[in-house]
Amino acid sequence: MEGNLPLQACHPASDAVSQDGLVIPIIDFAPFLNGTPADKHAVAMSIINAFKTSGFFYLKEHGIPPSVLSQVFKSSARFFARPQEEKDSLGWTTPQANRGYVKRGREKLNTVDEVADRETQRAIPDIKETMEIGREGVDGLPNRWPDHLDDEGKDFKERMLSFFDKCKSLHVQVMQAIALGMSLPVHFFDEYVDRGDNNLRLLHYPAVHKDVFKMNPGQVRAAEHSDYGSITLLFQDSRGGLQARSPQGTFVDVIPFPDTAVVNAGDLLARWSNDIIKSTRHRVIEPPKVHGEDDTSDTYAERYSIAYFCNPNMDKFIEAIPGTYGEDISTAKYPGITARDYLVKRLASTY
């Protein structure tokens, strides 16, 4: 098996964040895409090590050109600049669809069983709006495109469909690296993720007065949560504000690094791996002060990010991977469940 090949002198990872026991490396993906078997193995082991410890890593040389990301961010910004009534006409409908525009305050990432006073939590909603895009062509679950509104809407649809496919390919490749790092056949996950039942989320955190955070203890741009699926590919702008929970219970800044994707494991992958892989809770707060930045403004600038939430194919039955439990599967921590049932249950609790 490729996973047992000896390592040569290949060091694809270097620590980018290290604080309070949370270490998030930058991993160069080029050796996995184009290198020798030993190079691929080294990258795979770096990814698994990050997922076993922090649950996060930065991925560089991931194959999506900066020029493509720049255009996607610009298209996202133009979408959120549309009149509110246009965005509302494309509104999110059901957890089964998980497609469409979500206005500020509709989603609350803390679920009912985590919050004793739901009404209090609703009183300080997350300061964000999103656009959710799923796999195109699913019967009865159409995406909510603005292509009927104007030419910009048509361009938006074309650009997002192209970007969706690029992220889908990257998802497959990262899952191949995970398989290799777990000493599984490199294509073990291919049949689980080839359909692309994923979710592209465009996020806009509007400019906000700084007093909002002072006057409302607990106010955040996105509440503490863990992601639901297998992995998440996150592309950040330069504003910052993303934080991950450390082993000590503190929150550590996941600072933006140019031309990287932040990759984190989701709850379903942790469940699939029988908790060998860690799904780490995270949040988005007011952005940190940037060195040399004018601090006289009374508002925080708006922030954009793009998350590609990766999932197994919806009809796949997910249970502990062989080798992650003893001889008897009854020793696995979680019962098996279809990806659809798990994800719909999680989405239903947050909207």
Side-chain angles (χ1 to χ4, degrees), residues 3 7 10-29 31-32 41-62 109-110 114 170-171 173-184 189 220-236 240-285 287-288 305-311 321 324 333-334:
L7 287 181
C10 179
H11 302 285
S14 58
D15 292 349
V17 172
S18 181
Q19 181 180 332
D20 294 346
L22 186 81
V23 177
I24 305 177
I26 293 180
I27 298 175
D28 185 350
F29 205 45
F32 185 83
H41 183 273
V43 173
M45 294 309 297
S46 294
I47 287 174
I48 286 299
N49 183 61
F51 270 175
K52 286 181 176 179
T53 53
S54 68
F56 273 78
F57 61 90
Y58 297 90
L59 194 66
K60 69 177 184 178
E61 302 298 333
H62 45 65
L109 289 168
N110 280 336
E114 294 172 326
L170 180 56
H171 172 213
Q173 292 164 336
V174 173
M175 295 303 293
Q176 289 172 352
I178 292 170
L180 193 57
M182 294 182 71
S183 297
L184 298 166
F189 291 111
V220 290
R221 279 179 155 175
E224 178 186 349
H225 64 285
S226 55
D227 292 344
Y228 305 157
S230 55
I231 64 171
T232 300
L233 310 173
L234 177 70
F235 304 91
Q236 304 190 77
L242 176 64
Q243 295 185 322
R245 181 180 279 276
S246 77
Q248 297 181 20
T250 60
F251 279 95
V252 175
D253 291 334
V254 184
I255 57 179
F257 282 91
D259 302 329
T260 67
V262 176
V263 183
N264 65 281
D267 293 341
L268 196 50
L269 182 58
R271 181 183 181 119
W272 208 351
S273 73
N274 212 29
D275 285 340
I276 289 174
I277 287 172
K278 183 177 182 180
S279 177
T280 299
R281 297 180 70 83
H282 49 283
R283 66 183 186 181
V284 180
I285 61 167
S305 65
I306 300 167
Y308 188 77
F309 296 110
C310 304
N311 305 307
I321 297 167
T324 63
K333 294 182 179 181
Y334 308 99

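For reference, positions follow the sequence shown, starting with 1.
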Side-chain polar contacts of residues 256-264 - donor-acceptor pairs under 3.5 angstrom, sequence neighbours left out - could you list them?
unit_1	atom_1	unit_2	atom_2	d
Thr260	OG1	Phe257	O	2.8
Asn264	ND2	Asp227	OD2	3.0

Would you call [X] and [Y] a side-chain contact if the rule is heavy atoms closer than 4.5 Å?
X: Val17; Y: Val254; value: no
X: Arg245; Y: His282; value: no
X: Val174; Y: Phe29; value: yes
X: Phe32; Y: Ile47; value: no
X: Leu234; Y: Leu242; value: yes
X: Leu268; Y: Ser230; value: no
X: Phe51; Y: Leu269; value: yes
X: Pro247; Y: Leu22; value: yes

Report task. Only counting residues at least two apart or in another chain, list the ones meeting side chain to side chain donor-acceptor pair (under 3.5 Å) with Ser54. Result -> none
Please round to the nearest 0.5 Å and tell me the distance separating atom [atom1] of [X] and atom [atom2] of [Y].
X: Asp28; Y: Ser46; atom1: CG; atom2: OG; answer: 10.0 Å
X: Asp267; Y: Asp275; atom1: CG; atom2: CG; answer: 9.5 Å
X: Gln248; Y: Asp20; atom1: CD; atom2: CG; answer: 4.5 Å

Report task. Quick one: list whatever passes salt bridge (Lys or Arg N to Asp or Glu O under 4.0 Å) with Lys52, sequence neighbours left out. Result -> none
Query raised in the report: Angle class for the His62/Phe235 ring planes (parallel below 30°, perpendicular above 60°, tilted otherwise)?
Result: perpendicular
Minimum heavy-atom distance [X]-[Y], with the two atoms named:
X: Ala265; Y: Ser279; answer: O-OG, 3.3 Å
X: Phe189; Y: Met175; answer: CD1-O, 3.3 Å
X: Gly240; Y: Pro287; answer: O-CB, 3.8 Å

Query - Test log, rule side-chain contact (heavy atoms from CB on, under 4.5 Å), inputs Ile24 and Val252 - result: CA-CA 10 Å; Ile24 305 177; Val252 175; 5.8 Å; no
Report task. Test side-chain contact (heavy atoms from CB on, under 4.5 Å) on Thr324 and Met182 and set out the steps. Result -> CA-CA 9 Å; Thr324 63; Met182 294 182 71; 4.1 Å; yes
Report task. Evaluate the criterion side-chain contact (heavy atoms from CB on, under 4.5 Å) for residue pair Ile276 and Ile321; output intermediate values, then yes/no. Result -> CA-CA 10 Å; Ile276 289 174; Ile321 297 167; over 6 Å; no
Query raised in the report: Under 3.5 Å, is there a donor-acceptor pair between the side chain of Thr53 and the main chain of Asn49?
Result: yes
Requested in this report: Begin from the C-alpha positions of Tyr58 and Ile255 and carry the test side-chain contact (heavy atoms from CB on, under 4.5 Å) through to its verdict.
Outcome: CA-CA 10 Å; Tyr58 297 90; Ile255 57 179; 3.9 Å; yes
